[in-house]
Amino acid sequence: DPKQGNILSFFKRV
Amino acid sequence: MLELRLVQGSLLKKVLESVKDLVNDANFDCSATGFSLQAMDSSHVALVALLLRSEGFEHYRCDRNLSMGMNLNNMAKMLKCAGNDDIVTIKADDGGDTVTFMFESPTQDKIADFEMKLMDIDSEHLGIPEAEFQAIVRMPSAEFARICKDLSSIGDTVVISVTKEGVKFSTRGDIGTANIVCRQNTTVDKPEDATVIEMQEPVSLTFALRYMNSFTKATPLSNQVTISLSSELPVVVEYKVAEMGYIRFYLAPKLEE
């Protein structure tokens, strides 16, 4: 099954 | 000192109803640009970004940038007490620990104020890069909500695929499979009934339906929803908030390991 991605791996903290 | 007067107070009620189940606590940021919020759900799978531009308020006073931490469920409880036709004013003092919501009936014969305690929230602001999307689908928001609801009775995930044939929403579960294809349709009487598909190249992504269904709580805000897709990037599900801004939901895709 595909694994749920995480927002923090796409958008970085500023 | 902050004082924001929103004639169409129902917009704020609808905004809160659309985010209160996704995000528990969030900072509302107030600046010359407008009233905004950016927050993730507790598992960091989805992010919501709200902007209500200052020009959309009848009166907008924000002497200095202010960040107000609020429990969204409690804020929703207070805004539920405003009538749908009420004018809503948000008031706060610099450095204060409360925010006041004032509700005025259209005929000015009833004025209520609700004071809510603010909370300290570690603010975590994420930079969202400008993306070139492979496909952008604009469709009636009620149709999108119906599709998400229907598919979630069959499966837990939705595969959204855009090809030159249209946009396909697919799921599979223990009882079987389901596919719903929506084709571009611009020959409609009302523009809000149109489905418009702008495709640069075909794209297919998998998402958790639970989150999609949560996003559709914003349906009362807008007749149309925009779904922007790019391979291996979070989908953006956007609802316009009247002429004054937007609420955007970002959802991380499910990816093959």
Side-chain angles (χ1 to χ4, degrees), chain A, chain B residues 22-23 27 29 36 38-49 122-131 133 155-161 170-174 204-212 215 228-237 248-257:
Chain A
D1 274 358
K3 188 170 174 279
Q4 177 60 60
N6 187 308
I7 283 291
L8 292 170
S9 59
F10 298 99
F11 303 148
K12 299 293 167 223
R13 289 186 173 93
V14 289
Chain B
L22 188 67
V23 175
N27 281 316
D29 297 313
S36 65
Q38 191 204 75
M40 282 181 286
D41 77 300
S42 58
S43 52
H44 298 173
V45 170
L47 177 141
V48 55
D122 282 334
S123 111
E124 250 194 333
H125 216 77
L126 303 184
I128 301 169
E130 285 287 322
F133 293 101
D156 297 329
T157 63
V158 58
V159 179
I160 306 180
S161 311
S170 310
T171 193
R172 61 175 59 242
D174 294 340
S204 181
L205 286 160
T206 305
F207 300 100
L209 271 169
R210 184 165 71 85
Y211 287 94
M212 285 291 181
F215 303 162
S228 304
L229 299 146
S230 259
S231 287
E232 304 200 357
L233 275 184
V235 62
V236 190
V237 179
R248 290 180 186 149
F249 299 99
Y250 296 80
L251 177 59
K254 287 179 165 239
L255 298 168
E256 294 297 338
E257 285 184 86

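Residue numbering restarts at 1 for every chain, and letters A, B, ... go by the order of the sequence lines.
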Does the side-chain contact (heavy atoms from CB on, under 4.5 Å) test come out yes or no for B:Leu126 and A:Ile7, once each step is laid out?
CA-CA 9 Å; B:Leu126 303 184; A:Ile7 283 291; 3.7 Å; yes
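- Only the side chain of B:Glu124 comes within contact range of chain A, judged by heavy atoms closer than 4.5 Å.
- The contact between A:Lys12 and chain B is made entirely by backbone atoms, counting heavy-atom distances below 4.5 Å.
- Distance alone, capped at 3.5 Å, places no donor-acceptor pair between the A:Gln4 side chain and the B:Leu255 backbone.
- Across every non-hydrogen atom of A:Asn6 and B:Ser43, the tightest pair is ND2-O, 4.2 Å.
- Ring centroids of B:Tyr250 and A:Phe11 are separated by less than 6.0 Å, placing the two rings close together.
- Interatomic distance, NE2 of B:His44 versus OG of A:Ser9, reported as 11.5 Å (0.5 Å rounding).
- Looking at A:Phe10 and B:Pro253, their side chains come closer than 4.5 Å, going by heavy atoms from C-beta outward.
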Start with the C-alpha distance between B:Met40 and A:Leu8, add both sets of side-chain angles, then the distance that settles side-chain contact (heavy atoms from CB on, under 4.5 Å), and finish with yes or no.
CA-CA 9 Å; B:Met40 282 181 286; A:Leu8 292 170; 3.8 Å; yes
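- Interface remark: B:Thr157 contributes no atoms to any contact with chain A (heavy atom separation under 4.5 Å).
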